[in-house]
Student: 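One structure is given below, represented as structure tokens, and several questions about it will come after.
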Amino acid sequence: MVAAANPARHPTHAVPVPAAASHDPQALLDWYDRHRRRLPWRAEPGQTADPYHVFLSEIMLQQTTVVTVAPYYADFLARWPDVAALARARLEEVLSRWAGLGYYARARNLHACARAVVERHDGRFPAEEAALRALPGIGPYTAAAIASIAFDRRAAPVDGNWERVVARLFAVEEALPKARAKLRALALTLLPDARFGDFAQAMMDLGATLCTPRKPACALCPWRESCAARADGAPERYPVKTAKAARPTRRGIAFLALRADGAVLVRSRPEKGLLGGMSEVPSTPWEVDGPGHVAAHAPLQADWKALNATVTHAFSHFALELGIWRARLPAKMAAPAGHRWVRPAQFEAEAFPSVMVKVLEYID
DNA sequence: GAGGCGTGGGT
DNA sequence: TACCCAAGCCT
């Protein structure tokens, strides 16, 4: 979508803009110049950010906090300092270094995207939103983020921060996610005439530090005078959201097969779906109705002992309760088809998601 | 377009 | 405790 930089000069019929609203973009840029957060992936003031740094950080930051991302970003950048290096990496190694960060399709797409940049764009990220959007794992937000932050193109990376800020500035009563298009249209009316990258990051900093979900610090906000939600006296009421569905509990049993030499029996999950491509301890299916006939799912015949232990884990759309069955096996025992024996010293090279790290606590 | 897709921290 | 929340993308 294309919108005029200033709707007062270039009226649009797409969305009615309150006549009284004057959220001066320069006021936010001035605030940003004084309060910008120093983050590992950000360029120094006045400098252009490296597109690869923006790309890597933006993918990691999808639905993930700055504090969580920071060590992963440092590790990836040290290991793969540029997009060509990442493109040369093995997918298994990328997944193992991503382990613990969640939303594992991001890691697979990150790797595919690096290869696509090398193959389709000669190793240089395109500056245009449309070309960026065509790359794997890069959606409308990330395309706009790279275009604006790395290339200072006029683009609006509307994330959760932008949505919250805009919903409050205009006191939008329509609920998310349905209100998304409206919030985006309103966001476009806020854009300055220059410094698009700084403006994008300023909106994120504003949302992350002042215009927070709970107890926003309106007294410190550069837009406090023109904010409709503040005028209403209840800024924390925005953005309005529709209630989410309740999260069911699924149950299963994990089979901890321990060889006498200390090795543990593991396998890789299918490439697509939940924890796609990640390493796991074999288990029954995880179902709401429970594991059913447990022994039928055991990876091998053994003297299985049910431990008095349950691993619980919260996924985004269901809770998991995993019982543990453990068996000890001779050192020369071969791995069944599709499985492999892994010693604890080699765990670092495996792509164990957090739930499997919890299961592996019971190898002793 | 609504739901699948992780995780850890905060209240 | 049981939610809610965080720089979304894909199908």
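Computed from a prediction, not measured in an experiment: that's the story for all the values here.
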Student: Below 3.5 Å is the cut-off: list the nitrogen or oxygen pairs between protein and nucleotides 7-11 of chain C, distance only.
Tutor:
unit_1	atom_1	unit_2	atom_2	d
dA7(C)	OP1	N161(A)	OD1	2.1
dA7(C)	OP1	N161(A)	ND2	2.2
dA7(C)	O5'	N161(A)	ND2	3.1
dA7(C)	O4'	D159(A)	OD2	2.5
dA7(C)	N7	E58(A)	OE2	3.2
dA7(C)	N6	W41(A)	NE1	3.2
dA7(C)	N1	R37(A)	NH2	3.0
dG8(C)	OP1	G160(A)	N	3.3
dG8(C)	OP2	Q63(A)	N	2.8
dG8(C)	OP2	Q63(A)	NE2	2.7
dG8(C)	O5'	Q63(A)	NE2	3.4
dC9(C)	OP1	G139(A)	N	2.9
dC9(C)	OP1	G139(A)	O	3.4
dC9(C)	OP1	T142(A)	N	3.0
dC9(C)	OP1	T142(A)	OG1	2.7
dC9(C)	OP2	Y141(A)	N	3.3
dC10(C)	OP1	G137(A)	N	2.7

Student: Verify the contact: side-chain N or O of H317(A) to OP1 or OP2 of dC5(B), cut-off strictly under 4.0 Å; return yes or no.
Tutor: yes
Student: Is the Y73(A) ring parallel, tilted or perpendicular to the H53(A) ring (thresholds 30°, 60°)?
Tutor: perpendicular
Student: If we take the C1' atom in both dA6(C) and dG6(B), what is their distance in whole Å?
Tutor: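 Looking at atom C1' only, dA6(C) and dG6(B) are 12 Å apart.
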Student: R108(A) has an atom CZ; how far is it from atom P of dG6(B), in whole Å?
Tutor: 11 Å
Student: So F347(A) and F352(A), would you call those rings parallel, tilted or perpendicular, with 30° and 60° as cut-offs?
Tutor: perpendicular
Student: Nearest-Å distance, CH2 (W286(A)) to C1' (dC5(B))?
Tutor: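 Whole-Å distance recorded here is 13 Å.
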Student: Can you tell which of dA6(C), dT7(B), dG6(B) lies closest to the side chain of S354(A)?
Tutor: dT7(B)
Student: Would you call the rings of F170(A) and H23(A) parallel, tilted or perpendicular if under 30° counts as parallel and over 60° as perpendicular?
Tutor: perpendicular
Student: Is the ring pair W80(A)/F76(A) parallel, tilted or perpendicular, if the boundaries are 30 and 60 degrees?
Tutor: perpendicular
Student: Distance check, P atoms only: dA7(C) and dT11(B), in whole angstrom units.
Tutor: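 Straight-line distance between the two P atoms is 16 Å.
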Student: Does atom CD (E271(A)) have a neighbourhood of more than 12 heavy atoms from anything else shown, all under 6.0 Å?
Tutor: no
Student: Answer yes or no: does a side-chain N or O of H313(A) lie under 4.0 Å from OP1 or OP2 of dT7(B)?
Tutor: yes
Student: Assign the ring pair F55(A) / Y52(A) to parallel, tilted or perpendicular, where the plane angle (0 to 90°) is split at 30° and 60°.
Tutor: tilted
Student: Might you work through the side-chain contact (heavy atoms from CB on, under 4.5 Å) test for L135(A) and H121(A), ending with a clear yes or no?
Tutor: CA-CA 11 Å; L135(A) 294 165; H121(A) 299 285; 4.2 Å; yes
Student: Got a sec? Which of residues 92-101 of chain A come in under 4.0 Å of DNA chain B, heavy atoms?
Tutor: G100(A), L101(A)
Student: Looking only at atom C1', what distance separates dC9(C) and dG9(B), rounded to whole Å?
Tutor: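 Going atom to atom, C1' in each nucleotide, I get 24 Å.
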Student: Expressed in whole Å, how much space separates the C1' atoms belonging to dG1(B) and dT11(C)?
Tutor: 10 Å
Student: With no hydrogens and no angle check, is any side-chain donor or acceptor of S57(A) less than 3.5 Å from a backbone partner on V54(A)?
Tutor: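 Yes, S57(A) side chain to V54(A) backbone: donor-acceptor pair under 3.5 Å.
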Student: Which word best sums up how the rings of F255(A) and W325(A) line up, parallel for under 30°, tilted for 30 to 60°, or perpendicular for over 60°?
Tutor: perpendicular
Student: For A314(A) and for R214(A), find the nucleotide of DNA chain B with the closest heavy atom, then tell me which residue's nucleotide is more 5'.
Tutor: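 Per heavy-atom nearest nucleotide, the more 5' residue is A314(A).
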